[in-house]
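Before any comments, here is the structure.
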Amino acid sequence: MSTAPEQPNIPEKFLSPYDPNKVESRLYAAWEDSDFFNPDMCVKKGITRADAKPFSIVLPPPNVTGTLHLGGALMVTIEDILVRYQRMRGKKTLWLPGTDSAAIATQTRVEKNIQKAEGKTRHDLGREELLKRISAFVEENKATILKQFRGMGASLDWSRYLYTMDEQHYRAVMEAFIRMYDAGLIYRGNRIVNWDPKGQTTISDDEIVHEERDAKLYTFRYAKDFPIPIATTRLETKVGDTAVAVHPDDERYKKFIGKEYDVVFCDTLIHIKIIADESVEKDFGTGALGVTPAHSHIDWEIADRHNLQRPQVINEYAKMMVEGRLKGKKVAEAREEVVSWLKDEGLLEKVEDIKQNVATAERTGAIIEPLPKLQWWVNVNKEFVIPYSDIPGIASGATTTLKEVMRKSVESGAVSFVSERYERVYYHWIDNLRDWCISRQIWFGHRIPVWYKEGEMKVQIDSPGAGWEQDEDVLDTWFSSGLWTFSTLGWPDKTSDLTTFHPTDVIESGYDILFFWMARMILMSGFFLGQVPFRTIYIHGLVRDENGRKLSKSLGNNIDPTEVGAQYGTDALRMGLIVGNTPGADFNFNPQKVGAYKKFANKLWNITRFIFSETEGVTVNNMFSEFTPDDQALTKRRNELMTDITRDMENYRFYLAAEKLYHYTWHEVADVILEESKTIFAGEDADAKASRAQFLLHTLRSLLIALHPFMPYVTEEIWQDSPFKRDERPFLMVEQWIE
RNA sequence: GGGCGAUUAGCUCAGUUGGUAGAGCGCCCCGUUUACACCGGGAUGGUCGCAAGUUCGAGUCUUGCAUCGCCCACCA
């Protein structure tokens with residue numbers, strides 16, 4: 001390599017193109033070793049004032065056994081930009097990392113592995129052995145995701161890292177269950193649940209996806225002398241009917257209301273009462289609804305109102321439980337059997353082809369069987385006294401409900417959305433919220449702290465003694481995730497972290513888990529602390545490919561952010577994910593764009609090389625006041641830009657700030673100002689030279705600072721060999737922001 | 001059935017409170033190899049989905065329409 005003799009003091013690294021691969025892991029290690037990711041250390045080392053305003057954000061914990069996908073890379077980028085910016089603003093900044101056990105997903109995967117390798121099911125292994133295997137699997141896999149987050153440049157405080165199955169979080173979950181139970185908000189009840197016959201567990205309403213399928217709508221009578229024909233798609237459930245509901249104003253059926261009939265339907269004796277219920281649609285089907293309380297949510301509610309029997313006729317394996325010709329048949333076969341029986345009896349009046357939305361389990365794809373089960377529930381409508389509340393509109397000591405807590409937290413503005421339109425979606429969701437089923441029939445997770453012995457029940461963490469059996473079920477993963485903003489800070493202990501950093505400032509996540517997670521955090525934080533969990537919700541959209549298609553392995557268009565980062569550099573990847581990405585909207589990711597930002601990193605590198613070589617021997621003078629009129633004008637323009645950028649940062653417009661900085665750097669500084677400077681430096685005017693030298697140095701310094709949240713690596717790498725570096729602040733990462 | 005969003009250059013998208021339309025990539029021409037070929041200069045390219053309204057002025061606000069997409073909802 002040639003080292004130009006006329007540039008003796010320029011650090012040699014600037015003479016060859018910027019190479020991210022030579023820089024990134026070294027710099028990340030240096031940052032991490034410095035302890036400046038930890039706000040306490042920043043205070044201790046004099047970087048942050050002890051009385052500085054705190055800024056905190058929790059990382060939505062990724063699946064501990066997962067790998068980083070592009071959506072995750074976007075999440076990390078946005079949050080790191082936010083955090084680096086706030087840290088440079090001088091705030092006591094905490095970004096708290098963690099990983100999630102992802103109970104169902106992880107257990108399913110381990111079970112599958114065992115099935116493949118050993119041909120055994122979890123029941124062959126037993127609970128204890130399975131949990132051991134899962135734990136080993138987690139240990140083996142968790143390093144990957146943590147390494148990938150580091151690779152993105154994430155300035156997370158690893159000293160506070162928490163895994164959802166760690167002791168600290170476990171205690172929080174147990175405590176939460178017990179306190180909610182004591183407050184009367186958690187109850188055990190035999191109620192209709194969404195049962196996943198494949199996964200053999202209950203799932204919540206939010207874990208259901210509706211799929212449109214072709215179905216047949218059958219119109220039939222229970223018996224020859226039954227007065228009202230009814231329509232249904234699920235003939236096999238009709239052996240579980242206990243009523244026929246009609247609309248109270250329906251002239252056709254008014255005269256039958258209150259009458260009761262005993263009929264033998266497909267070998268099963270059923271007792272049908274004709275009832276009137278407002279929920280029945282007069283114009284659909286025959287205007288009469290066969291009520292199957294045990295196997296339909298709506299019918300269950302009707303049964304509540306009319307005090308009906310609720311015989312269960314389908315079991316956990318989606319097979320018929322009745323005697324006779326349907327016995328033991330799967331639901332689909334049973335349906336065919338009922339059809340042929342109806343035909344034989346001359347009871348089938350009509351068969352129509354319709355489109356139907358079928359509820360399926362998001363994870364296993366199985367068709368959901370609604371059936372009654374003894375489960376644990378959180379009552380979202382029951383009143384309780386909130387001992388302490390910071391939530392506007394709910395006073396300390398007031399009587400309220402969890403639903404009201406969720407609504408008021410947002411309505412009052414205590415929690416606000418960066419994209420306002422999500423607020424209405426949120427209210428809509430709350431209004432339709434039913435009691436939350438929190439028990440799951442899997443083994444990996446937080447086991448319900450309830451003990452039984454001879455009909456007695458105790459709610460406590462440890463076994464009450466010999467002969468007591470613990471509840472078999474574990475808690476819904478979202479029950480524990482809902483505590484995340486404060487369990488990570490040490491709750492239920494009254495820690496100084498909790499006082500300092502809660503409520504957190506921002507939660508940042510994709511809209512796919514808005515309700516799963518964010519709404520539940522609001523619920524939990526409101527109940528346990530009387531606080532909102534965060535003040536601002538930043539929702540990012542789905543990352544798609546450049547043609548707007550979803551990224552998926554099966555489509556073959558999956559993009560591994562780690563590979564992209566290795567090819568173009570992490571800074572370029574971050575820019576490619578941010579520029580043009582509006583909060584809340586889906587985003588099409590274009591690898592070519594990332595290529596453009598790789599060039600940009602190099603451009604900045606070369607701007608540095610030029611400026612350093614032209615200002616050889618010049619001392620940076622922050623108080624310099626002898627600017628030429630031209631340089632005064634340029635300084636004014638630069639200052640205005642920085643003010644503008646700061647405003648964008650404060651308002652979460654990172655996509656704009658990044659683009660403006662890009663444009664200014666390349667097309668104003670490099671293309672115009674540097675070209676013009678060549679003439680000045682070649683000329684004779686010493687004052688103009690001195691002025692321009694100071695201007696260029698000040699400008700480079702500003703650019704590095706403003707670009708650092710977006711492109712942390714290249715800016716830090718330049719800074720480390722620049723005259724801007726100060727002894728008391730060894731990294732650009734902890735330098736002060738310029739407004 | 002209810003709600004939400006989108007429609008801007010060939011492609012993918014920005015455009016923050018209304019003030020003569022922007023970026024990346026692509027395409028064409030020219031130049032440069034002592035900051036940078038991970039380069040520079042220039043050119044081409046848009047009736048901002050359609051229609052009406054408010055305004056001195058509308059991509060931006062209002063209304064209607066069209067097309068596409070998403071979310072919610074168990075018409076059994």
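Chain naming here is simple, since letters A, B, ... match the order of the sequence lines and numbering starts at 1 in each.
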Closest to side chain of A/Leu289, choosing from B/C38, B/A76, B/G24: B/A76
Pair partner, B/A43 [Watson-Crick or wobble, under 3.5 Å]: none
A/Glu676 CD to B/G40 P, straight-line distance once rounded to whole Å: 17 Å
Contact nearer the 5' end of RNA chain B, comparing A/Phe610 with A/Asp648: A/Asp648
Between B/C25 (P) and A/Asn590 (CG): distance, integer Å: 10 Å
Sugar-phosphate, base or nothing in reach of A/Thr608, heavy atoms under 4.0 Å: nothing
Nucleotide of B/A35, B/C72, B/A76 approaching A/Leu674 most closely (side-chain heavy atoms): B/A35
Residue A/Glu659, side-chain atoms from C-beta onward, closest of B/C36, B/A23, B/C72: B/A23
A/Lys282/A/Asp250 salt bridge by N-O under 4.0 Å criterion: no
Note: A/Glu676-A/Arg692 ion pair, threshold 4.0 Å (strictly below): yes
B/A66 and B/C50, which share atom name P, separated by this distance in whole Å: 16 Å
Between B/U60 and B/A9 - P atom distance, rounded Å: 15 Å
hbond_proxy A/Lys678 side chain to B/A35 base (donor-acceptor, 3.5 Å cutoff): yes
Carboxylate-amine/guanidinium contact A/Glu316 A/Lys373, below 4.0 Å: yes
Between C1' of B/C4 and OH of A/Tyr427, the distance in whole Å: 16 Å
Rounded distance in Å - NE2 (A/His667) to P (B/G24): 5 Å
Among B/U16, B/C38, B/G15, the nucleotide that comes nearest once only the side chain of A/Tyr655 is considered: B/G15
Closest to side chain of A/Gln592, choosing from B/A76, B/A73, B/C25: B/C25
Integer-rounded Å distance: B/A73 P and A/Ile208 CD1: 8 Å
Aromatic ring pairing A/His667/A/Tyr662, orientation class (parallel under 30°, perpendicular over 60°, tilted between): perpendicular
From B/C72, B/G24, B/G40, nucleotide with atom closest to A/Ala596 side chain: B/G24
A/Leu15 CG to B/C36 P, straight-line distance once rounded to whole Å: 9 Å
Side chain A/Gln356 and base B/A76 donor-acceptor under 3.5 Å: no
Nearest-nucleotide pick for A/Tyr662, side chain only, options being B/A14, B/A23, B/A76: B/A23
base_contact_polar (B/C36 base, A/Lys603 side chain, donor-acceptor, <3.5 Å): yes
Straight-line distance of A/Leu371 CG to A/Arg310 CZ, nearest 0.5 Å: 14.0 Å
C1' gap between B/A14 and B/A21, integer Å: 12 Å
Atom pair distance, as rounded to whole Å: NZ in A/Lys599 and C1' in B/C25: 9 Å
Among B/C36, B/G15, B/G3, the nucleotide that comes nearest once only the side chain of A/Asn602 is considered: B/C36
A/Glu278 bridged to A/Arg305 by N-O distance under 4.0 Å: no
Interatomic distance at P, B/C29 relative to B/C70, whole Å: 42 Å
Candidates B/C72, B/A73, B/A35 - which lies nearest the side chain of A/Ile607: B/A35
Closest-nucleotide 5' rank along RNA chain B - winner of A/Tyr18 and A/Ala670: A/Ala670
Given B/G24, B/C38, B/C75, the nucleotide with the shortest approach to the side chain of A/Pro17: B/C38
Donor-acceptor under 3.5 Å (A/Thr715 side chain, A/Pro712 main chain): yes
Pair partner, B/G49 [Watson-Crick or wobble, under 3.5 Å]: B/C65
Separation of B/G3 P from A/Ile430 CD1 (nearest whole Å): 19 Å
